[in-house]
Amino acid sequence: MPPESQIPTPASVKRRFAVSLALFYSAIFAVSGTHLPFFPLWLKAIGIDAAWIGLINALPAITRFTTLPQITAFAERRHAIRAAMMLLVLATAIGFAAVGLQQQPLALFLIYALTCIMWTPTTPLTDAYALRGVARYGLDYGPLRLWGSAAFAAGSLACGYLVDSIAARDLIWVIVAWAVVAVLAGLLLQPLDDVRRKAAETHAGKAWLRDTGFWAVIASAALIQGSHVAYYTFSAINWQLHGISGLTIAGLWTLGVIAEIVVFALSPRFSLHPSTLIAIGGLSAVVRWIVTANEPPLALLAIVQLGHGLSFGMTIVGTMNLLVQRVPSHQIARGQGYYAACNGLLGAATSIASGAIYARIGDNLYYVMAAMAAAGALVIWAARHRLMAQPQSDESGG
């Protein structure tokens, strides 16, 4: 644990940090909870075709490997992670409001691209801020992060209720409203102690970038998380075509998030090696997508949705634990940036391809996602001995 974590801290300071971070996590994930399931429905409602939907939904992933790493690295160099989080959510709220005023595909594409440049670094920066706070105050990441998942579920349910009550063309303004809440929550974020890097740290190299174990973690996580693209992009559209109501769609998403919350809450008790957790997540995704591809009845679909706790939650817990082990604490925002960038590169390619594939084969797209998840499980399983044999070093600083 970094030396700053050993500095005695009043309980009230820890509590204020934890509460303000939980509120901010809640706000930004409420935006995601309305955006991920229902933004495609809004696009469809204003007349955007499937090919354009695939391209537009690829933009968040594209910005993750183009502009996101530069923004996270800049914020870390300037010791301004908290300030960057606050400015980015403000720009995001303005951007989504501008998106809501567009209906032409090209103009919408361009404005949404600018919005995503501001939006996508927010979560990696928040995770970096959280991990620094965890080290500083001796907290656990999972219980803090679960509030974001809970807000995702609440936002999804609220928007699902509204889908059956308001015109789908108005859904964008629900997203804008939550983005404004995120701006307000950002004002409550507590500054961390300004712990400057030591001279040795400042000039330290990036040996972790030459670590094949680090890249195995990144590749496997990108494949497993990328296999969720079809679910994020087309599940609401597909389920609606099968006669499932908006509120039921939100309920299905919520079941997955509830399972995710349970995983985060229990994560401090996990005794399996993080690489094993990622492998479990990958294999769970394989089963989940194969079942989903076969148009299961609603009851079975609800059970399958609980697999999100494993396919997403277990994967991210294992990934975060391994990143903390292999990336120096003073470079954690950059490590998060590389992680998000690789996820974005594969996610963008998958999203672009999924639009065309879905237009041709429909639900069978989930078989492609199952193959991706299987590849991710194989990558981490092949690297498990290296990851287990190389414990956290002093140089890693985690």
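The figures here come from the full heavy-atom set of this structure, side chains too, leaving out hydrogens, waters and symmetry mates.
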For the residue pair [X] and [Y], establish whether any side-chain heavy-atom pair is separated by less than 4.5 Å.
X      : Y      : value
Cys342 : Trp215 : yes
Asp127 : Met320 : yes
Ser284 : Met314 : no
Val257 : Ile261 : yes
Leu323 : Leu131 : no
Phe234 : Ser354 : yes
Leu310 : Arg288 : no
Phe264 : Trp147 : no

Looking at [atom1] of [X] and [atom2] of [Y], how far apart are the two atoms once the value is rounded to the nearest 0.5 Å?
X      : Y      : atom1 : atom2 : value
Phe39  : Ser32  : CZ    : OG    : 12.5 Å
Leu322 : Ile380 : CG    : CD1   : 6.0 Å
Ile81  : Phe74  : CD1   : CZ    : 12.5 Å
Ile117 : Leu88  : CD1   : CG    : 11.0 Å
Gln305 : Ser235 : CD    : OG    : 7.0 Å
Ile224 : Thr319 : CD1   : OG1   : 7.0 Å

(request) Sequence neighbours left out, what pairs pass ring pair (Phe, Tyr, Trp, His ring centres under 6.0 Å) with at least one residue falling in residues 274-293? (result)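 Every pair satisfying ring pair (Phe, Tyr, Trp, His ring centres under 6.0 Å) with a residue in residues 274-293: His228-Trp289, Tyr231-Trp289, Trp289-Tyr366.
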Please report the shortest heavy-atom distance between [X] and [Y], naming the atom on each side.
X      : Y      : value
Ile46  : Gln103 : CD1-CA, 4.1 Å
Ala84  : Leu125 : CB-CD1, 3.9 Å
Gly142 : Ser267 : CA-OG, 3.7 Å
Ala27  : Ala182 : CB-CA, 3.4 Å
Thr115 : Thr92  : CG2-O, 4.0 Å
Leu306 : Ala259 : O-CB, 3.1 Å

Using only atom types and a distance under 3.5 Å, with no angle test, would you say the side chain of [X] pairs donor to acceptor with the backbone of [Y]?
X      : Y      : result
Thr276 : Leu272 : no
Asp170 : Ile166 : no
His242 : Ile244 : no
Arg136 : Gly133 : no
Arg82  : Leu189 : yes
Trp42  : Arg169 : yes
Asn294 : Pro296 : no
Gln190 : Leu188 : yes

(request) Would you list the pairs meeting salt bridge (Lys or Arg N to Asp or Glu O under 4.0 Å) in which at least one residue belongs to residues 367-382, sequence neighbours left out? (result)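 Not a single pair qualifies under salt bridge (Lys or Arg N to Asp or Glu O under 4.0 Å).
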(request) Sort and list the pairs that fulfil salt bridge (Lys or Arg N to Asp or Glu O under 4.0 Å) and have at least one residue in residues 256-279, not counting sequence neighbours. (result)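 Pairs touching residues 256-279 that pass the test: Arg145-Glu260.
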(message) Please evaluate residues Tyr25 and Phe152 with respect to the criterion ring-ring contact (aromatic ring centres under 6.0 Å, His included), reporting the C-alpha separation (whole Å), side-chain torsions for both, the decisive distance (0.1 Å), and the verdict.
(response) CA-CA 9 Å; Tyr25 263 132; Phe152 184 102; over 10 Å; no
(message) Applying side-chain hydrogen bond (donor to acceptor under 3.5 Å, both in side chains) to Tyr358 and Asn238, what does each step give before you reach the verdict?
(response) CA-CA 10 Å; Tyr358 181 79; Asn238 189 55; 3.3 Å; yes
(request) Determine, step by step, whether Leu345 and Arg64 satisfy the side chain to side chain contact (heavy atoms under 4.5 Å, CB included) criterion, reporting the C-alpha distance in whole Å, the side-chain angles of both residues, the deciding distance to 0.1 Å, and the verdict. (result) CA-CA 7 Å; Leu345 179 60; Arg64 287 188 187 103; over 6 Å; no
(message) Below 30° counts as parallel, above 60° as perpendicular, anything between as tilted: where do the rings of Tyr338 and Phe214 land?
(response)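 Taking Phe214 first and then Tyr338, their aromatic rings stand perpendicular (interplane angle over 60°).
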What do you reckon, is [atom1] of [X] surrounded by more than 12 foreign heavy atoms closer than 6.0 Å?
X      : atom1 : value
Trp239 : CH2   : yes
Trp178 : CH2   : no
Gln104 : CD    : no

(request) Treat each ILVMFWY residue as a node, draw an edge where side-chain heavy atoms are under 4.5 Å apart, and state whether Leu59 and Val89 are in one component. (result)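 Hydrophobic grouping puts Leu59 with Val89.
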(request) Decide side chain to side chain contact (heavy atoms under 4.5 Å, CB included) for Val263 and Phe270; before the verdict, give the C-alpha distance in whole Å, the side-chain angles of both, and the deciding distance to 0.1 Å. (result) CA-CA 9 Å; Val263 168; Phe270 292 164; 4.0 Å; yes
(message) With side chain to side chain contact (heavy atoms under 4.5 Å, CB included) as the criterion, how do Thr315 and Leu277 come out once you've worked through the C-alpha distance, each side chain's angles and the decisive distance to 0.1 Å?
(response) CA-CA 6 Å; Thr315 300; Leu277 299 180; over 6 Å; no
(request) Would you please indicate yes or no on a ring centroid separation below 6.0 angstrom for Phe96 and Trp173? (result)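 No - the distance between ring centres of Trp173 and Phe96 does not fall below the 6.0 Å cut-off.
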(request) Please check if the distance between the ring centroids of Phe29 and Phe24 is under 6.0 Å. (result)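 No, the ring centres sit 6.0 Å or more apart.
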(message) I'd like to know if the side chain of Thr248 pairs up with that of Ser245 as donor and acceptor (distance under 3.5 Å, no hydrogens or angles considered).
(response)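 Thr248 vs Ser245: donor-acceptor pair found between side chains.
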(request) Would you sort out whether Leu90 and Val183 count as a side chain to side chain contact (heavy atoms under 4.5 Å, CB included), showing the intermediate values? (result) CA-CA 5 Å; Leu90 175 61; Val183 174; 4.2 Å; yes
